[in-house]
Amino acid sequence: MKVYMPILMFLFSSCSFFGGSKTIPKGNYQVICGYTEKSYLEHKRDDINSIDCRIACEYPSYHRSFLSLKDDHHYILAIDDVLLHGQYTFDDDKIILEDENNESFPLEIMQTEVGFVQLKGDFSNFNSIRLPNSGKLYINLALDETAEREKPSKFDITINEWRHIPTQLENEQQVKQRALNFLDYSIAYFQHISNSGIYNDFKIDAIESPIIYGSNGIALKEWADVPLFWKELYFNDNNARVAYDYLSQGFKKGERVKYGIKGSLLVSFYLKDLRNTLGTL
């Protein structure tokens, strides 16, 4: 199945709630919904089916968040501005994520179903401006079997470095590199959507940036219309403005190429053209 297949097709059965040893098959798991502990308990009290592990929600953060379980027990966890990678193991009802600093982060496996899993974890110790800093989070994930035809894919560590929000002022070169990294992620994201076979309902809201994405191409937003999410990838507004002006130069100096395609594939082509132009500035 593809991640974006309508969730109603799977509501004829329920996810499994059980104790004991649990594992998750390797693969790329896309976040499809999330709950704070308070909202989870409220939903559970009102309707047990509303916390089913296959429930999907519409929110930009979910479309850009994932858990990738790769070969040799290597993982990448990207939950908005939290990015972890390292080795993983299973321990009874938990998956233990060990990062590059040998620090462990346990996630409890709450529910499982073929192609779906619900995990619970305490993200309060992470330096995040987006995730709740108190209580545990419950996260629904769906297996994404879309073929990774291009490299890097949106599940690779190299193009997800933008998630590490800077803690101090960055110089012009660092700011530009951050802008390029997010652009590389955007290219991989749209290529992934194109490879999934879904063209009319691709989730452009997951890429909150100064760029307007349309079926016929891309354009640059006015500074006043740039999403707060993208500005917060930078240390302050001044750094964000440097990145914006850098993108603006790319639009002005880039050569307009005509392609005989539309949709997400065309978007990825234009983003590549923009990336190539920026690389020369």
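We use all heavy atoms of the structure for the numbers below, so side chains are in, but hydrogens, waters and symmetry mates are not. The first residue in the sequence is number 1, and the count goes up from there.
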Indicate yes or no: at least one non-hydrogen side-chain atom of [X] is less than 4.5 angstrom from one of [Y].
| X | Y | result |
| --- | --- | --- |
| Gln30 | Phe155 | yes |
| Arg54 | Asn140 | no |
| Leu69 | Ile95 | yes |
| Phe66 | Leu141 | no |
| Ile218 | Leu271 | yes |
| Leu119 | Met110 | no |
| Leu83 | Ile76 | yes |
| Val175 | Tyr246 | no |

NZ/NE/NH1/NH2 to OD/OE distance under 4.0 Å, [X] and [Y]:
| X | Y | value |
| --- | --- | --- |
| Lys26 | Asp71 | yes |
| Arg64 | Asp80 | yes |
| Glu232 | Arg130 | yes |
| Arg241 | Asp245 | yes |

Nearest-0.5 Å distance, [atom1] of residue [X] to [atom2] of residue [Y]:
| X | Y | atom1 | atom2 | value |
| --- | --- | --- | --- | --- |
| Lys136 | Leu107 | NZ | CG | 11.5 Å |
| Ser186 | Leu180 | OG | CG | 11.0 Å |
| Leu137 | Ser124 | CG | OG | 9.0 Å |
| Lys154 | Thr146 | NZ | OG1 | 8.0 Å |
| Ile55 | Cys57 | CD1 | SG | 7.5 Å |
| Gln174 | Glu170 | CD | CD | 5.0 Å |

Between [X] and [Y], is there shared hydrophobic-cluster membership here, with clusters defined by ILVMFWY side-chain heavy atoms closer than 4.5 Å?
| X | Y | answer |
| --- | --- | --- |
| Ile211 | Val257 | yes |
| Ile207 | Ile212 | no |
| Tyr259 | Ile187 | yes |
| Leu281 | Val242 | yes |
| Ile79 | Ile157 | no |

Between Tyr35 and His43, how do the two ring planes meet: parallel, tilted or perpendicular, split at 30° and 60°?
perpendicular
Please work out whether the ring planes of His73 and Tyr88 are parallel, tilted or perpendicular, with thresholds of 30° and 60°.
tilted
For Thr112 and Ile24, run side chain to side chain contact (heavy atoms under 4.5 Å, CB included): C-alpha distance rounded to whole Å, both residues' side-chain angles, the deciding distance at 0.1 Å, then the answer.
CA-CA 8 Å; Thr112 61; Ile24 308 170; 5.5 Å; no
State, to 0.1 Å, how close [X] and [Y] come at their nearest heavy-atom pair, and which atoms those are.
| X | Y | answer |
| --- | --- | --- |
| Lys94 | Pro106 | CD-CB, 4.2 Å |
| Val267 | Gly217 | CG2-O, 4.5 Å |
| Leu265 | Ser194 | CB-OG, 3.5 Å |
| Ile109 | Lys22 | O-NZ, 2.6 Å |
| Leu143 | Gly27 | CD1-CA, 4.1 Å |
| Gly250 | Thr277 | O-CG2, 3.7 Å |

Kindly indicate, with the supporting measurements, whether the criterion side chain to side chain contact (heavy atoms under 4.5 Å, CB included) is fulfilled by Leu77 and Phe105.
CA-CA 11 Å; Leu77 175 68; Phe105 179 51; 4.1 Å; yes
Donor on one side chain, acceptor on other, [X] and [Y], under 3.5 Å:
| X | Y | value |
| --- | --- | --- |
| His85 | Asn160 | no |
| Asn28 | Ser68 | yes |
| Thr158 | Asp156 | no |
| Lys272 | Gln191 | yes |

Ring centers of Phe116, Tyr29 separated by less than 6.0 Å:
no
Is the gap between the ring centers of Phe190 and Tyr213 under 6.0 Å?
yes
Tell me whether the count of non-hydrogen atoms from other residues, nucleotides or ligands lying under 6.0 Å of [atom1] in [X] goes above 12.
| X | atom1 | value |
| --- | --- | --- |
| Asn127 | CG | no |
| Lys151 | NZ | yes |
| Glu172 | CD | no |
| Gln173 | CD | no |

Test applied, side-chain hydrogen bond (donor to acceptor under 3.5 Å, both in side chains); reference residue, Tyr40; option that passes from Arg45, Lys120, Gln118:
Gln118
Verify, without hydrogens or angle tests, whether Asp81 (side chain) and Ile129 (backbone) share a donor-acceptor contact under 3.5 angstrom.
yes
Can you list the steps and then say if Glu148 with Asn195 is a side-chain hydrogen bond (donor to acceptor under 3.5 Å, both in side chains)?
CA-CA 8 Å; Glu148 297 182 43; Asn195 291 338; over 6 Å; no
Set out, in order, the CA-CA distance, both residues' side-chain angles and the distance that settles side chain to side chain contact (heavy atoms under 4.5 Å, CB included) for Val117 and Gln111, then state yes or no.
CA-CA 6 Å; Val117 63; Gln111 304 176 37; over 6 Å; no
Does the Lys NZ or Arg CZ of Arg163 fall within the cation-pi geometry relative to Tyr185 - under 6.0 Å from the ring centre and within 45° of the axis?
yes
Measure from NZ or CZ of Lys221 to the centre of the six-membered ring of Trp230, then state whether that distance is under 6.0 Å and the direction lies within 45° of the axis.
no
With Tyr244, which of Tyr234, Phe251, Trp223 fulfils ring pair (Phe, Tyr, Trp, His ring centres under 6.0 Å)?
Trp223
Applying side-chain hydrogen bond (donor to acceptor under 3.5 Å, both in side chains), run through His192 and Asp144 and close with a yes or a no.
CA-CA 10 Å; His192 185 87; Asp144 186 341; 2.7 Å; yes
Would you sort out whether Phe123 and Ser128 count as a side chain to side chain contact (heavy atoms under 4.5 Å, CB included), showing the intermediate values?
CA-CA 9 Å; Phe123 290 82; Ser128 170; over 6 Å; no
